[in-house]
Amino acid sequence: MTTSADTGHGDARYDVEAIQERWLPVWDELAPFRSGRPDDQRPKKYVLDMFPYPSGDLHMGHAEAYALGDVIARYWVHRGFNVMHPIGWDAFGLPAENAAIRRGEDPVRWTYDNIAQQKASMRRYACSFDWDRVFNTCDPEYYHWNQWFFLQMFRRGLAYRKASNVNWCPECQTVLANEQVIAGQCERCDSNVTKKKLTQWYLKITDYADRLLDDMEQLEGKWPEKVLLMQRNWIGRSTGAEVHFEIEGREEAVTVYTTRPDTLYGATFFVVAADSDLASELAAQSPAQAEFSEYLNKVKQTSEMDRLDSSRAKTGVFLQRYAINPVNGERIPVWASDYVLADYGTGAIMAVPAHDQRDLDFARTFDLPVRVVVDAGEDPAVTGEATADDGPHVNSGPLDGLNKDEAIAAIIEVLAERGTGEEAVNYRLRDWLISRQRYWGTPIPIIHCPSCGEVPVPDEQLPVVLPPAEGLDLKPKGTSPLGGAVAWATVDCPQCGGEATRDPDTMDTFVDSSWYYLRYADPNNHTAAFDPELVREWLPVDQYVGGVTHAILHLLYSRFFTKVLNDLGLVDFNEPFTRLLNQGMVIMEGSAMSKSRGNLVRLSDELSRHGVDAIRLSMVFAGPPEDDVDWADVSPSGSAKFLARAWRLAGDVTSSPGSDPRGGDESVRKATHRALHDAAQAVETFRFNVAVARVMELVNVLRKAIDSGPGSDDPAVREGAEAVAIMVSLVAPYTAEDMWARLGHEPSVAQAGWPDVDESLLVEDSVTCVVQVAGKVKDRLDVSPSIAEDELRDLALASKAVAAALDGRAVKTTIVRPPKLVNVVPE
RNA sequence: GCCCCGGUAUCCCAACCGGUAGAGGAAGCGGUCUCAAACACCGUCCAGUGUGGGUUCGAAUCCCACCCGGGGCACCA
C-alpha cells in the first residue's frame with residue numbers, strides 16, 4: 001500500500017484515502033461544474049465526452065477517457081468559461097438483453113443498476129460533470145424524441161421500408177447496418193455475417209452523401225486527419241458514367257456504371273451480379289437456366305468472409321444471352337458472377353479485361369477476349385496485369401489518340417447525344433439500415449394497417465413505450481420479441497380505426513447517440529426534443545473527446561442527423577462537433593486487455609492501491625493522448641510520489657495568503673510564470689503529458705527554493721505553490737484541493753482561475769549562444785536576448801575556440817541567428 | 001496490394017519556423033538522513049535520433065528509397 005507516505009516534514013502526511021473522503025461532500029455541496037445558472041455571464045464552452053454504455057462498472061478505458069476530457073473541461077473553467085461538461089448513458093443495446101436471457105434479469109433493472117454503479121464511480125473518480133443534465137437513452141422521455149425524429153424523416157421520405165439482401169448476424173439473430181459489419185463479421189460478436197432477404201427500415205443517409213463529404217472541409221485541421229480519411233473512404237464517392245446496353249430478347253436496356261467510360265470500346269463481355277434479380281430474369285429464358293440455378297445456390301452459401309477474399313478464383317456462368325455495345329454495335333456475351341456486387345451501381349458491369357484487373361482475371365479463367373484500347377506499352381493478355389495507366393487510346397474509333405481525360409469527356413458527349421448514357425456519380429455509402437429484431441431499443445412508431453398501410457403513430461400518442469420484458473420471449477429467434485406482446489402490438493389504426501398492429505422492430509442504438517449531444521442543452525424538456533434557443537446557445541460541441549473506434553459509425557450518423565435537423569430548421573449549424581480528440585486505448589503488455597487473455601487490469605484495484613489522483617495522473621502523463629497507454633509502462637506509484645511531493649510544498653509555505661509576490665525571488669517567479677505559460681499552451685494543443693512535465697519542473701524548482709534557496713517564507717514560493725495547486729487541479733483534483741486548503745484558501749481550487757502570466761517574467765536575462773564552426777559546436781557564449789546581429793558576430797569571431805577550430809583558414813561566411821546561434825563557415 | 005501514422009537513452013516520452021539532441025518520468029547506480037530500513041532529499045550513468053542516400057552553412061525535423069511496428073481500406077467497376 002502506498003496510499004500514505006511519511007513526508008519527513010512534521011506529522012503531516014499525504015493520506016490519499018482521507019483526502020478523498022474530505023473533499024467529495026464539499027464538492028457535492030459546491031457543485032463547481034454546474035453550467036445552467038441563468039445569470040452566468042461567462043462565455044460558453046461545450047466540452048463533451050462520448051457517453052458510456054452501462055455494461056458493469058467503469059474500466060481502465062473509461063478512466064483514461066474521462067481523465068483526458070476532464071483536463072480540457074477543467075482548464076476552460078479556470079480560463080473563465082461557463083463550461084458545459086455533461087454526462088449520460090447510452091443505455092439501450094444488446095448486453096442488457098443478453099443478461100436478461102442468460103440470468104433472467106430484467107433489462108430495465110440491469111441497466112439502471114449499472115448506471116447507478118457507474119455514476120457512483122464517476123463521482124469518486126472526480127469527473128467534472130454537470131450532474132444536473134444527466135439522462136439515459138432508455139428513458140421514455142428520451143426515446144420519445146427518437147420516435148419523433150423518425151416520423152419527421154418518414155414524412156419527408158428519409159425513413160422508408162424496402163426489401164433487400166441485408167446483413168444478418170446468425171448469433172445475434174438480427175440484421176446489421178453495413179457499418180456494423182467488420183471484415184465480414186459482426187461488430188459485436190464476431191460471427192460470420194450472412195445475407196438474408198428481408199423488408200427493413202432504412203434512413204436515407206445517401207441523400208446526404210455529398211454534404212457529408214464536402215462539409216468535411218470545415219473539420220480540416222480540427223478533427224484527426226485519420227478520421228476524415230476513414231469517412232471519405234467510407235462514403236466512397238466516384239465519378240464516371242452510366243451506359244445503357246441493349247440486351248437481345250429484352251425490352252428494356254440494362255444500365256451499367258463505370259468510372260472508365262473511355263474504355264467502352266474495350267468491353268468484350270458483360271457481367272451481372274449473380275444474386276441480382278436481373279441475373280435470374282436473364283437466366284430464366286435461357287438454356288443456361290439449370291447451370292445458373294446451381295451456381296446461384298453455391299453463391300448464396302458462400303459466407304461474407306470468403307466472398308471478401310479477393311485472391312479467390314473467379315467463378316461464373318455464361319447466361320447464353322448477348323448485350324449490344326452502344327458505341328460500336330458489338331455483340332458481347334452476358335455472364336453472371338459473384339465478383340459483381342448486386343447493390344453497388346446497377347449490379348451489372350461492362351467488362352474491360354485489358355484495363356481492369358478483376359475483369360482480366362475473369363477473362364483468363366473463361367478464355368474471353370482481351371482488347372487493348374489504351375496503349376500503355378504492355379499487353380495485359382500476355383502479362384496478366386491489367387493496365388490502368390493513362391495513355392493514347394487505340395481501337396476506339398473517335399477516341400483514338402486522345403488521353404484518358406479527353407476520352408472520358410468525348411465519350412460522355414457521344415453517349416449523351418445518342419441517349420445511350422450520361423455522366424454519373426456513385427457512392428460506396430448505402431442507406432442506413434435501422435430496424436433490429438431485438439427488445440431493448442426504441443420501438444419504431446409505425447402502425448401497419450391492412451387497409452391504410454404504414455401509418456405513423458400520431459405525435460400526441462408518443463412515446464410508444466416498450467412493453468415490460470416480463471413474459472416475453474427475448475431469445476434471439478429472428479423475429480422481434482415485441483411481436484409476442486400481443487396486447488401491446490394490437491392497436492386501432494389511427495386513420496381508419498380498424499384493427500392494426502404495431503411495427504415490432506426496434507431502432508439501431510446508434511439512432512440514440514446520433515443526437516444526444518443536443519439533448520444535454522435542454523435535458524428535461526417534456527414538450528420537445530430540445531428548445532432550439534438553448535441549442536443555439538450551447539451548440540455545436542466545442543470539443544468532443546472519444547475513442548477512434550467510432551470514427552465511422554457514430555460520428556458519421558451524428559453528422560447525418562445534424563444535417564437533417566438543419567434542414568428541418570431545428571439547428572442552425574451543419575457540423576455537430578467542431579473539434580475532435582481521439583484518445584487511445586489502455587492496453588496491457590502490448591495487447592488489448594481482456595479476461596480471456598488474462599491481462600485484465602481492474603480499475604477498482606488500481607484505484608484502491610494508488611488513489612484516484614495517481615491513476616488519473618498516470619493516464620494523462622503516459623504519453624500523447626491519442627497514443628495507446630500500455631499499463632505495463634506506466635508507474636502509478638511514481639505518480640503518487642509526485643503528487644505527495646507537490647502536496648508537501650503547500651504545507652511548507654510559511655508566508656500568508658495574499659502576500660504580494662512582487663519582491664519575491666525573481667528566478668522562482670520566472671519559473672512559475674514560465675510553467676503557467678507553457679502548461680497552458682500544452683493543454684490547448686492536447687500535449688497534456690508535456691503540461692504535466694512543466695508542473696513537475698516547477699515543483700522541483702520550488703522544492704529547491706524552500707530547502708536551499710530563498711526559503712519557505714518568500715512570497716514567490718507561495719505564488720509558485722499556488723500555481724502548482726491550480727495546474728495540478730486539472731489532473732489530480734483531490735490533491736489540488738487539499739493543497740489549496742493548506743495554502744489557506746477556501747474551496748474550490750477548480751474555480752480559482754488561471755493566474756495571469758506576467759510577460760515580463762518570460763524574458764530571460766541572458767541566453768546561451770552556440771558558436772559553430774562548419775556546423776559543429778565549438779563554443780558557447782552568454783549573451784543578452786536582445787543582442788544585435790553585428791555585435792554577436794564580432795563576439796563569436798573573437799572566440800578563442802573559434803580561432804582554434806578555424807586553424808588559420810579564412811572565413812567564407814558567417815550565419816548569425818541572434819541570440820541563439822552563430823555558424824562560422826570556413827573556406 | 002493501396003493509403004495513413006510512428007521508429008530518439010534500459011523503458012515511457014520531450015525538442016516552436018531546420019539552429020546546443022533532453023524537458024519530465026520510470027528503472028539503475030551513488031550519497032545524505034537512520035542503529036538499520038522505509039520514506040524523504042541530493043547527485044549520477046545512459047542515445048546522436050530505424051537503415052542508406054540527397055538538399056543545406058547546419059537535418060531527429062525537409063526530399064527519395066528501403067526495413068520494422070501500428071492502423072485504415074480492400075472484388076465498389
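Any value given below was found using the heavy atoms of this structure, including those in side chains, with hydrogens, waters and symmetry copies removed. Note that the structure is predicted; figures quoted are calculated from it, not measured. Reminder, nothing fancy here: chain letters follow the sequence lines and each chain counts from 1.
A donor-acceptor contact under 3.5 angstrom links the side-chain atoms of A:N823 to the base of B:C57. If you check distances only, the side chain of A:K704 never reaches the base of B:C42 with a donor-acceptor pair under 3.5 Å.
Remark: B:G28 base-pairs with B:U44; criterion is Watson-Crick or G-U wobble with both hydrogen-bond distances under 3.5 Å. Nucleotide B:U61 forms a pair with no other nucleotide shown, judged by Watson-Crick or G-U wobble geometry with both contacts under 3.5 Å. Shown here, B:A15 forms no base pair; nothing in the strands shown gives a Watson-Crick or G-U wobble contact with both key distances under 3.5 Å. Nucleotide B:C73 forms a pair with B:G1, judged by Watson-Crick or G-U wobble geometry with both contacts under 3.5 Å.
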Exercise for the section: Check step by step if side chain to side chain donor-acceptor pair (under 3.5 Å) holds for A:W223 and A:Q231. Expected result: CA-CA 11 Å; A:W223 278 34; A:Q231 293 219 353; over 6 Å; no
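Put simply, A:N689 has a side-chain N or O that comes within less than 4.0 Å of OP1 or OP2 on B:A14. Contact annotation: A:R645 reaches the phosphate of B:C42 (side-chain N/O to OP1 or OP2, under 4.0 Å). Side-chain N/O atoms of A:Y344 include one lying less than 4.0 angstrom from OP1 or OP2 on B:A77.
Listed nucleotides B:A40, B:C3, B:A14 differ in distance to A:P624; the shortest reach to its side chain belongs to B:A14. Across B:G25, B:C75, B:A14, the shortest atom-to-atom separation from the side chain of A:M696 is found for B:G25. Distances from the side chain of A:F621 to the nucleotides B:C75, B:A77, B:G25 place B:G25 closest. Considering only the side chain of A:T258, B:A77 comes nearest among B:A77, B:C41, B:C3. Here B:A26 is the nucleotide among B:C42, B:C73, B:A26 with the atom lying nearest to any side-chain atom of A:K641. Listed candidates were B:A14, B:C11, B:A77. Nearest to the side chain of A:R694 is B:A14. Nearest nucleotide to the A:A693 side chain, out of B:C41, B:G24, B:C3: B:G24. Comparing atom distances between the A:R817 side chain and each of B:C3, B:G19, B:C12 picks out B:G19 as nearest. Taking the side chain of A:D338 as heavy atoms from C-beta on, and the options B:C13, B:C75, B:C12, the nearest nucleotide is B:C75. Of the candidates B:G72, B:C4, B:A21, B:G72 carries the atom nearest the A:M230 side chain, counting heavy atoms from C-beta on.
For B:G28, the O4'-C1' to base torsion is more than 90° from 0; the nucleotide is therefore anti. In textbook terms, a nucleotide whose glycosidic angle is within 90° of 0 is syn, and B:C17 is one such case.
Regarding A:F245, its CZ atom lies at a distance of 16 Å from the P atom of B:A77, rounded to whole Å. Atoms CD (A:E626) and P (B:C5) sit 13 Å apart, rounded to a whole Å. In this structure, A:L698 atom CG and B:G24 atom C1' are separated by 13 Å, rounded to whole Å. Taking atom CD on A:Q231 and atom C1' on B:C4, their separation rounds to 15 Å, with Å as the unit. Atom pair A:L341:CG and B:A77:C1' shows a separation of 9 Å (rounding to whole Å applied). Protein atom CZ of A:R648 is 8 Å distant from nucleotide atom C1' of B:C39, rounded to whole Å. Per the geometry, CZ belonging to A:F688 stands 20 Å off P belonging to B:G25, to the nearest Å. Atom CG in A:D15 sits about 15 Å away from atom C1' in B:C39, given to the nearest Å.
Comparing B:C33 with B:G19, their C1' atoms sit 45 Å apart, to the nearest whole Å. Comparing B:U44 with B:C63, their P atoms sit 39 Å apart, to the nearest whole Å. Only the P atoms considered, B:A59 is 15 Å distant from B:G50, to the nearest whole Å. As rounded to the nearest Å, B:U56 and B:U10 have C1' atoms that lie 35 Å from one another. One P atom belongs to B:G70, the other to B:A27, and the distance between them is 28 Å to the nearest Å. Of the C1' atoms belonging to B:C46 and B:G28, the separation is 10 Å, rounded to the nearest Å. If you take atom P in B:A15 and the same atom in B:G7, they sit 11 Å apart, rounded to whole Å. Annotation: B:A37 and B:C17 have their P atoms spaced 49 Å apart (nearest Å).
When the shell of 6.0 Å around CD of A:E606 is examined, it contains more than 12 heavy atoms from other residues, nucleotides or ligands.
In the model, A:N325 has no side-chain atom that pairs as donor or acceptor with a side-chain atom of A:Y265 under 3.5 Å.
Contact annotation for A:K226: backbone-only contact, meaning every heavy-atom pair under 4.0 Å involves sugar-phosphate atoms and none involves a base. A:T813 comes within 4.0 angstrom of nothing in the nucleic acid, heavy atoms only. Nucleic acid contact for A:S238: sugar-phosphate only, since backbone atoms but no base atoms lie under 4.0 Å from a heavy atom of the residue. Residue contacts for A:V825: at a heavy-atom cut-off of 4.0 Å it reaches the sugar-phosphate backbone alone, with no base atom in range. No contact: A:E225 has no heavy atom under 4.0 Å from any strand.
Summarising the geometry, atom CZ belonging to A:R648 is positioned 10.5 Å from atom CD1 belonging to A:I706; distances are rounded to the nearest 0.5 Å. With values rounded to the nearest 0.5 angstrom, A:Y344 atom OH is found 12.0 Å from A:I349 atom CD1. Rounded to the nearest 0.5 angstrom, A:L212 CG and A:R237 CZ are separated by 10.5 Å. Here the straight-line distance linking atom CG of A:D359 with atom CE of A:M350 works out to 8.5 Å at 0.5 Å rounding.
Heavy-atom distances to RNA chain B give each of A:N700 and A:D627 a nearest nucleotide, and the one nearer the 5′ end belongs to A:D627. Comparing A:R430 and A:K812 by the nucleotide of RNA chain B that holds the closest heavy atom to each, the one mapping nearer the 5' end is A:K812.
The two residues A:A348 and A:L278 come nearest to each other via the heavy atoms CB-CD2, 4.4 Å.
In this structure, A:F362 has its ring center under 6.0 Å from that of A:F269.
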